[in-house]
K.L.:
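Attaching a single structure in structure tokens format; questions to follow.
For ligands, and for the atoms within them, numbers begin at 1 and follow the listed sequence. For reference, positions follow the sequence shown, starting with 1.
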Amino acid sequence: MSTPIPTVRTVKDLRAEVAKWRASGDTVALVPTMGALHAGHLSLIALGKQRAKRVVVSIFVNPTQFGPKEDFKRYPRDEKGDIEKLAEAGADLVFAPSEAEMYPPGFATKVSLPSLTEDLCGAARPNHFDGVATVVTKLLLQAAPDIAIFGEKDYQQLIVIKELVHDLNIPVEIVGAPIVREADGLALSSRNAYLSAAERKTAPALHQVLTEVAKALAAGEGCDAASSAGRFKLEGKGFRVDYVAIRDPETLRALFGPIRGPARVMGAVHLGSTRLIDNVPTKPNTRA
Ligand code: AMP
């Protein structure tokens, strides 16, 4: 049995706990989550433990990042199970605020990065990244950690958060963590729980196809041809494709022609009523 993990629900209590750590000179990592924790989330906590003395994990299903027709109501929630997993993983504190604590009546602020969020996932989810940027800004200011850890699974989100921290001079290091996958390549996601047995069999093809696109790019194929081929293959497997895009891994700028340096192959698809995203890195093959 692992030691029970303290849970705080107000910003005041969160700050009081963090202040105690600070008083004894401990460094702090923040891992923001929406709960329904899986091994991908737990890898972020493991990284937090390597990089800081204390790890605080937030669990908050943020309503402002869901569109009106999205899955906010049915998003999986299991706070008790999550807290047990976090105790097992060695996290030090859970911050699980209510909606009223995060968005009290009269809340009026929005953090928005239009140039980074109008395309890719932002095209299909118009207000999503404003919701993410606003809640993450709040969490960073509430917990005031030394580092905050985000998965590369949500690659556009990671870049958005790095940019807002830079632009707003928030004194925190944003650390990206590699994607944790099932044995068949499917990226772990709380939303995988929505997949039917048949969809679950199809789902790993997203990663397979993005990997094939990455290999084609590495071998010198142009971005347009490689992404079109990827889209065609995904459609052939029964996905409805939002995008297959090849982007600069730092700026998310669209790339054209054969790649000359590192690139990220990013994809978003629908499988039945479930939206899946994934991405893989690539770079040109260099001849010996
Ligand atoms: P979520 O609870 O889905 O908002 O995710 C919380 C954090 O976990 C985000 O930084 C995600 O990018 C990260 N995450 C989700 N799935 C994975 C995964 N399969 N591997 C690594 N990180 C992940």
K.L.:
For Y103, enumerate each residue passing the ring pair (Phe, Tyr, Trp, His ring centres under 6.0 Å) test, keeping only those at least two apart in sequence or located in another chain.
P.N.:
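Y103 satisfies ring pair (Phe, Tyr, Trp, His ring centres under 6.0 Å) with F107 only.
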
K.L.:
Could you name the protein residues that come within less than 4.0 Å of ligand 1, counting only heavy atoms, and order them by chain and residue number?
P.N.:
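The answer is P32, T33, M34, H38, G40, H41, L44, Y75, F150, G151, K153, D154, Q157, P178, I179, V180, L188, counting any residue whose heavy atom sits under 4.0 Å from ligand 1.
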
K.L.:
Any donor-acceptor pair under 3.5 Å linking the side-chain atoms of D119 with those of Y243?
P.N.:
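D119 and Y243 do not have a side-chain donor-acceptor pair below 3.5 Å.
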
K.L.:
Roughly how far, to the nearest 0.5 Å, is CZ of F239 from CZ of R231?
P.N.:
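The CZ atom of R231 sits 13.0 Å away from the CZ atom of F239.
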
K.L.:
Looking at E79 and R9, is any side-chain nitrogen of the basic one under 4.0 Å from a carboxylate oxygen of the acidic one?
P.N.:
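Here R9 pairs with E79 in a salt bridge, since their nearest N and O are under 4.0 Å apart.
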
K.L.:
Can you name the residues that form a ring pair (Phe, Tyr, Trp, His ring centres under 6.0 Å) with H38, not counting sequence neighbours?
P.N.:
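For H38, the residues satisfying ring pair (Phe, Tyr, Trp, His ring centres under 6.0 Å) (neighbours in sequence not counted) are H41.
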
K.L.:
Please list every donor-acceptor pair under 3.5 Å in which a side-chain atom of residues 174-188 meets a protein atom from a residue at least two apart or in another chain.
P.N.:
unit_1	atom_1	unit_2	atom_2	d
R181	NE	H207	NE2	3.4
R181	NH1	G185	O	2.9
R181	NH1	D278	OD1	3.4
R181	NH1	D278	OD2	2.8
R181	NH2	D278	OD1	2.9
R181	NH2	N279	O	3.4
D184	OD1	L186	N	3.2
D184	OD1	R200	NH2	3.3
D184	OD2	R200	NH1	3.0
D184	OD2	R200	NH2	3.0

